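Inspection log for the structure reproduced underneath, given as structure tokens.
These numbers were taken from a predicted model, which means no experiment stands behind them. All ligand and atom numbering here is 1-based and tracks the order in the structure. One is the number of the first residue; the rest follow in order along the sequence. Every heavy atom of this structure was used, including side-chain atoms; hydrogens, water molecules and symmetry mates were not.
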Amino acid sequence: MVKDIHQLYKSKVKTIDEALQTLQSGDFIITSLGAAEPIPLLNELHRIKDYGIQGCDLTNCLPMGAYEFITNPAYKDTIRTTGWFYSPAMRQAHKNEIVSFAPQHLHTAFTKRMHARDGRRLVLLVGCTPMDHHGYVSLSLSTTYERDAIDKGAFVIAVANPNLPRTFGDTMVHVSELDVVVENTYDVPALAESLLNDKDKKIGEFIAELVEDEATIQLGIGGIPNAVAEALKVKKNLGIHTEMFTDGMMDLIKAGVVTNRKKTLYPGKSVATFALGSRKLYDFLDDNPSVLMKHGNWTNNPYVIGQNHKMTSINTTLEVDLFGQCASESIGPMQFSGTGGQSDTAVGAQVCPEGKSFIALYSTASVKYKEVERKTISKIVPMLKQGAAVSLSRNDVDYVVTEYGAVRLRGQAVTERVKRLISIAHPDFRDELRFEAKRNGIW
Ligand code: COA
């Protein structure tokens, strides 16, 4: 039996060039998320044009590389790229009219995107660990939608990299489910450790005061959530149910603050759909049975999230208006990142009887102005910039926190929201906000 697995594996091993030639014109391609993406294959993907392959659609999510097919307009008819969550390379390619954005909530991203497939062959390009002696590879740092694509019968091209951590749960895939394996050793993209400033520490303290012992937490993407993790080190028996697993969470587990003992769903386990952080984080995740990777369709379903004990979600935003609407993914009409699970997790916390959700942001941002200069603007505004996407609606917003305090908007009338939000705006902007609130009849 063991011999058969190895024979089966061997029969699937190909070079990158051979793998590229298994693609077909018109394929509907999905690539795995963030640091789980198969980098050496994506570095060469544009070369399918040399093999006469045309008209493929590709969807990605937070890609780590500035791949030729994303950045070079010469390939835009060969591979039409769409993003669920932009990275710097995707933002630039969008400005250059090469790529476009597909608005989605994380928990329905894959199922909704399938409506654009139109009967074409589904192809999944993933990174994975080398096969173990049971015949399984691990999809490692993401199973956000990758397992769903395999279950839908995708043609799977996997790049096996021994530097990827072996994680458990929906990341485990049997070799019989793979069509092509490319063996390649490469460095996994890692984020630099972020240093906390005074504003981060203040925001962390305000949130920590409101997070209860035994809460099940979700921390989102961005600089502030890691600062919050640091401040949560005074808590007891926290649990983790999150889409993104971070360095801050690893530190809370190592400090004995996260025990997962009081969780209702998968007690004893931290549940996540993807991980992104430092090399230290990837080493922590390697062969670690206390972290369970579950697919995003389940993990981020608000009704699943809401079943957790004292569900507490903590995310960040770019701009919030005096109604409490959060523009977290675009600056005006210009797409910056994506909705991800911001709305999923806030709504999930709302479904939970003792749930709380936090949107944490600095009161001001230093933004580019006239190309070379920078100016300070308030992130709390009377109205969102024209064309901004509302990632979290005013109906679902709960606590908003800046370095000046934490206010609760849930259930509050707009007049009260205006007062509370102005009380946590930067003092230099409060008069102007009051004036604009009155002028626009929001008061
Ligand atoms: N107007 C204009 N520009 C603004 C701005 C505003 N109100 N607020 C911030 N910016 C600019 C900053 O100046 C910075 O620009 P720079 O790169 O030129 O310096 C840039 O936007 C990023 O701001 P920053 O505060 O550093 O962002 P971040 O890296 O902490 O990420 C989000 C914040 C909101 C983009 C990120 O959290 C996100 O995408 N959230 C939505 C998805 C989500 O929450 N998912 C849930 C769980 S994973």
Does ligand 1 have any N/O atom under 3.5 Å from a protein N/O, and what are those pairs and their distances?
residue: ligand 1; atom: 1 (N); partner: K385; partner atom: NZ; Å: 3.0
residue: ligand 1; atom: 7 (N); partner: L318; partner atom: O; Å: 2.9
residue: ligand 1; atom: 8 (N); partner: L318; partner atom: O; Å: 3.4
residue: ligand 1; atom: 8 (N); partner: K379; partner atom: NZ; Å: 3.1
residue: ligand 1; atom: 13 (O); partner: S366; partner atom: O; Å: 3.1
residue: ligand 1; atom: 18 (O); partner: R374; partner atom: NH2; Å: 3.1
residue: ligand 1; atom: 30 (O); partner: G223; partner atom: N; Å: 3.1
residue: ligand 1; atom: 37 (O); partner: I221; partner atom: O; Å: 3.0
residue: ligand 1; atom: 39 (O); partner: S337; partner atom: OG; Å: 2.5
residue: ligand 1; atom: 44 (O); partner: Q342; partner atom: NE2; Å: 2.8

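In this structure, E354 contributes its side chain and T312 its backbone to no donor-acceptor pair below 3.5 Å. At distances below 3.5 Å, at least one donor-acceptor pair connects side-chain atoms of K235 with backbone N or O atoms of V211. No donor-acceptor distance shorter than 3.5 angstrom exists from the side chain of K310 to the backbone of E212, with no hydrogens or angles considered.
Residue H46 forms a ring-ring contact (aromatic ring centres under 6.0 Å, His included) with just one option from Y75, Y67, F69, and that option is Y75.
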Return all side-chain donor-acceptor pairs below 3.5 angstrom for residues 154-165, not counting sequence neighbours, or 'none' if the list is empty.
residue: N161; atom: OD1; partner: N163; partner atom: N; Å: 3.0
residue: N161; atom: OD1; partner: Y186; partner atom: N; Å: 3.3
residue: N161; atom: ND2; partner: Y186; partner atom: O; Å: 3.0
residue: N163; atom: ND2; partner: Y186; partner atom: O; Å: 2.9

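In summary, D132 and R166 engage in a salt bridge, as defined by a charged side-chain N under 4.0 Å from a carboxylate O.
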